[in-house]
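Working notes, beginning with the structure itself.
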Amino acid sequence: MKQNFSVFIINSIIFLTWTLLVVSILVDYRDGVLWRVAIWVILLIISKTCYFKAKSLSLLTHFIIALTILSAIFGELYLELYYNWEYYDKILHFLNPILILFISYDFLKRFFPKDKKERIKYAIYVTIGLVLLWEVAEIVFDYFFDSALVGVFVKGAMEDPLLSDRIEILSPWLDTLYDIILDFVGIVFGYFLIKKSNSK
């Protein structure tokens with residue numbers, strides 16, 4: 001009974017995440033923030049594809065995927081934590097690689113069912129690739145859409161939702177450097193967590 005309740009709660013959070021993504025797509029499309037619309041659409045496709053197609057993934061992994069997406073939604077749109085709390089981005093650059101490493105490790109179970117060392121090695125490669133790809137994506141979005149993903153900004157007095165009145169508190173190159181350092185610290189931390197869980 002308790003396990004069924006846990007499954008119900010996790011599934012409810014996953015479905016809530018999809019609902020919030022759809023609402024976010026509509027809100028940002030209405031406001032003309034098309035670069036965010038693209039991100040929400042990609043995240044919705046990834047999450048739903050993993051949930052319905054990747055049968056080998058555990059429910060916990062789907063829950064982790066949902067939490068990662070929720071951190072982006074509330075960071076960027078609803079609570080605007082990226083712009084109201086200057087350390088939010090840095091905390092996520094430590095935590096998200098840990099979550100991505102666990103997701104990758106679980107996903108690779110179908111390819112390395114018995115060899116855990118190989119599985120964690122390739123999970124690390126996948127995670128490194130994804131975090132570096134995201135850093136490149138931030139630069140691309142900023143260049144083409146003025147999205148303020150590179151650098152750390154807080155909102156100015158005008159509370160402009162598109163951040164035309166933004167205040168830079170960390171330069172783009174320094175922000176990227178800190179992000180990459182924290183990404184790799186998160187990967188190392190996640191590696192030891194997985195290694196510790198495997199030794200039990």
Look only at the side chain of Ser71 and the backbone of Thr68, and say whether a donor-acceptor pair between them is shorter than 3.5 Å.
yes
Among Leu59, Ile65, Thr19, find the one that has a side chain to side chain contact (heavy atoms under 4.5 Å, CB included) with Ile14.
Leu59
Sub-3.5 Å donor-acceptor pair from the side chain of Ser47 to the main-chain atoms of Leu43, do we have one?
no
Step through the shown structure and confirm whether more than 12 heavy atoms of other residues, nucleotides or ligands are within 6.0 Å of CZ on Phe52.
yes
Residue pair Leu20 / Phe74, side-chain heavy-atom distance below 4.5 Å:
yes
Quick check on Tyr29: does its OH atom have over 12 non-hydrogen neighbours (other residues, nucleotides or ligands) under 6.0 Å away?
no
Going hydrophobic residue to hydrophobic residue with side-chain gaps under 4.5 angstrom, can you get from Phe112 over to Ile103?
no
Check for me, please, whether Ile42 and Val131 land in the same ILVMFWY cluster - side-chain distances under 4.5 Å, paths through other members count.
no
Exercise: do Ser58 and Thr61 side chains pair donor with acceptor under 3.5 Å:
yes
For Val152 and Glu86, work out which heavy atoms get closest and say how close.
CG1-O, 3.7 Å
Got more than 12 heavy atoms from elsewhere within 6.0 Å of CZ, Phe141?
yes
Least distance between heavy atoms, Thr127 atom then Ser104 atom
OG1-OG, 3.8 Å
Using every non-hydrogen atom in the two residues, find where Glu138 and Asp179 come nearest and quote the distance to one decimal.
OE1-OD2, 4.0 Å
For Arg36 and Leu77, indicate whether the former's side chain and the latter's backbone hold a donor-acceptor pair under 3.5 Å.
no
Who are the ring-ring contact (aromatic ring centres under 6.0 Å, His included) partners of Phe184, not counting sequence neighbours?
none
So which pairs with a foot in residues 40-53 pass salt bridge (Lys or Arg N to Asp or Glu O under 4.0 Å), sequence neighbours left out?
none
Is it possible for you to check whether Arg119 lies under 6.0 Å from the centre of the six-membered ring of Tyr105, through NZ or CZ, and within 45° of that ring's axis?
yes
Does any donor atom in the side chain of Tyr78 or Ser24 lie under 3.5 Å from an acceptor atom in the other side chain?
yes
Taking the hydrophobic residues Ile, Leu, Val, Met, Phe, Trp and Tyr, and joining any pair whose side-chain heavy atoms are under 4.5 Å apart, which ones share a cluster with Val150?
Ile139
Answer yes or no: is there a donor N or O on one side and an acceptor on the other, between the side chain of Asp106 and the main chain of Leu57, under 3.5 Å?
no
Would you indicate whether Tyr178, at its atom OH, is surrounded by more than 12 heavy atoms from other residues, nucleotides or ligands within a distance under 6.0 Å?
no
Closest non-hydrogen atoms of Arg110 and Ser56, given as atom of the first, atom of the second and distance, are CD-OG, 4.0 Å
